[in-house]
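Here is the structure we will look at.
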Amino acid sequence: IYNDGIDRQFHASTVVYDRKSSQWLVMTTGHGYAPKIYKGASNADLRGGIHTIKVSELSYPNVNTLSSEDTSLVFDENRKKWMLALVQSDSTGARFKTLLCQSDEWDGVYMLVSQTNRDNETGVFIQKINGEYVVMCGDPNGYPVYSYPNLSYLGELNMDVTDGGFRGW
């Protein structure tokens, strides 16, 4: 539920359990409503059932863009920061780049750390492999893998099966 009280079926959401607050934290995309990132929290266990969560707009870098979507959220113990990856369109709405942002609070103001220089990415995901974070996403040609936190291109994720053309989804 956004501030106008209307229930919406937001999707492309990230759900993280925060042990410090004993809450489930949600970042979601307002597809079909306002293509921005929204935040919400719940004390209910979100691992099952249907839940209605009040959300509000997240403060993050939103420069010359029509749309932001596809979040991935982690708390980086080494940096002592909440790290948020998302994709953001250009001013035409046709091309999406991956952004990595950071904040002191999960629902605070996010500042840009780095962004990719490739186009048409989606389905972004921060993953820890062998103790190191990487950022992965999908694009029309495969699954780019980027270093963390500077988002330098490392190569492609090799998969045994395709995702049917859904670019990471």
Side-chain angles (χ1 to χ4, degrees), residues 10-31 35-49 51 53-63 65 67-89 96-139 142-159 163 166-169:
F10 288 23
H11 62 281
S13 300
T14 296
V15 179
V16 175
Y17 184 71
D18 180 26
R19 287 179 176 83
K20 288 184 181 178
S21 68
S22 298
Q23 286 189 311
W24 291 89
L25 312 178
V26 177
M27 295 286 184
T28 192
T29 303
H31 288 295
K36 298 177 181 175
I37 306 301
Y38 298 86
K39 61 185 177 182
S42 177
N43 292 321
D45 187 343
L46 301 182
R47 292 176 289 182
H51 302 273
I53 300 169
K54 289 187 182 272
V55 297
S56 58
E57 193 171 322
L58 181 70
S59 180
Y60 63 97
N62 192 3
V63 180
T65 183
S67 178
S68 298
E69 55 192 57
D70 301 352
T71 60
S72 183
L73 178 70
V74 299
F75 183 76
D76 185 328
E77 288 288 345
N78 293 332
R79 296 170 73 91
K80 303 296 183 210
K81 301 278 185 187
W82 286 93
M83 304 301 290
L84 176 69
L86 61 122
V87 295
Q88 196 169 83
S89 72
F96 285 82
K97 293 185 182 300
T98 298
L99 279 63
L100 184 65
C101 307
Q102 69 181 18
S103 178
D104 292 330
E105 303 294 328
W106 82 270
D107 59 349
V109 175
Y110 279 82
M111 303 303 294
L112 182 66
V113 174
S114 56
Q115 70 180 37
T116 62
N117 60 7
R118 294 169 60 145
D119 287 330
N120 213 8
E121 297 174 327
T122 190
V124 66
F125 188 61
I126 303 171
Q127 178 66 48
K128 191 178 265 190
I129 300 174
N130 295 326
E132 300 291 328
Y133 284 115
V134 294
V135 178
M136 299 181 278
C137 61
D139 72 17
Y143 306 95
V145 179
Y146 296 102
S147 64
Y148 171 96
N150 62 359
L151 296 182
S152 296
Y153 178 74
L154 297 174
E156 297 287 322
L157 177 66
N158 294 319
M159 295 184 48
D163 65 4
F166 291 103
R167 300 185 304 165
W169 287 102

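In this text, all values refer to a predicted model and were calculated from it rather than measured experimentally.
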Drop me the distance from Y17's OH to R47's CZ, to the nearest 0.5 angstrom.
8.5 Å
Whether S103 side chain and V109 backbone form a donor-acceptor pair below 3.5 Å
yes
Using a 6.0 Å cut-off, check whether atom CG of D45 has over 12 heavy atoms from anything other than its own residue.
yes
Okay, side chain of E121, backbone of T98: is any donor-acceptor separation there less than 3.5 Å?
yes
Out of the candidates I37, L86, L58, only one should pair with C101 under the side-chain contact (heavy atoms from CB on, under 4.5 Å) rule; please name it.
L86
Quick one: closest heavy-atom pair of Y148 and M83, and the distance?
OH-CG, 2.9 Å
Anything under 30° is parallel, anything over 60° is perpendicular, the rest tilted; go ahead and classify Y153 against Y146.
perpendicular
Under 3.5 Å: donor-acceptor pair, side chain of S152, backbone of S147
no
Would a distance-only check, ignoring hydrogens and angles, find a side-chain to backbone donor-acceptor pair under 3.5 Å from K39 to D107?
yes
Looking just at side-chain N and O atoms, do S68 and Y60 make a donor-acceptor pair shorter than 3.5 Å?
yes
In terms of heavy-atom contacts, V135 and A85 come closest through CG1-CB, 4.5 Å
With no hydrogens and no angle check, is any side-chain donor or acceptor of S114 less than 3.5 Å from a backbone partner on P149?
yes
How many angstroms lie between atom CD1 of I53 and atom CG of N43, to the nearest 0.5 angstrom?
10.5 Å
Between the side chain of S89 and the main-chain N/O of S67, is any donor-acceptor distance below 3.5 Å?
yes
For V145 and L157, the nearest pair of non-hydrogen atoms, with its separation, is CG2-N, 3.7 Å
For the CE atom of M136 and the CD1 atom of I126, what is their distance to the nearest 0.5 Å?
10.0 Å
Heavy-atom donor-acceptor pair, T28 side chain to Y38 backbone, under 3.5 Å
no
Give me the atom names and distance for the closest heavy-atom approach of D104 to W82.
O-CD1, 3.7 Å
For K80, does the NZ atom sit with more than 12 other heavy atoms under 6.0 Å from it, leaving out its own atoms?
yes
For E156 and R118, what are the C-alpha separation, side-chain angles and deciding distance, and is it a salt bridge (Lys or Arg N to Asp or Glu O under 4.0 Å)?
CA-CA 13 Å; E156 297 287 322; R118 294 169 60 145; 3.6 Å; yes
Which heavy-atom pair separates W106 from M27 by the least distance, and what is that distance?
O-CE, 3.3 Å
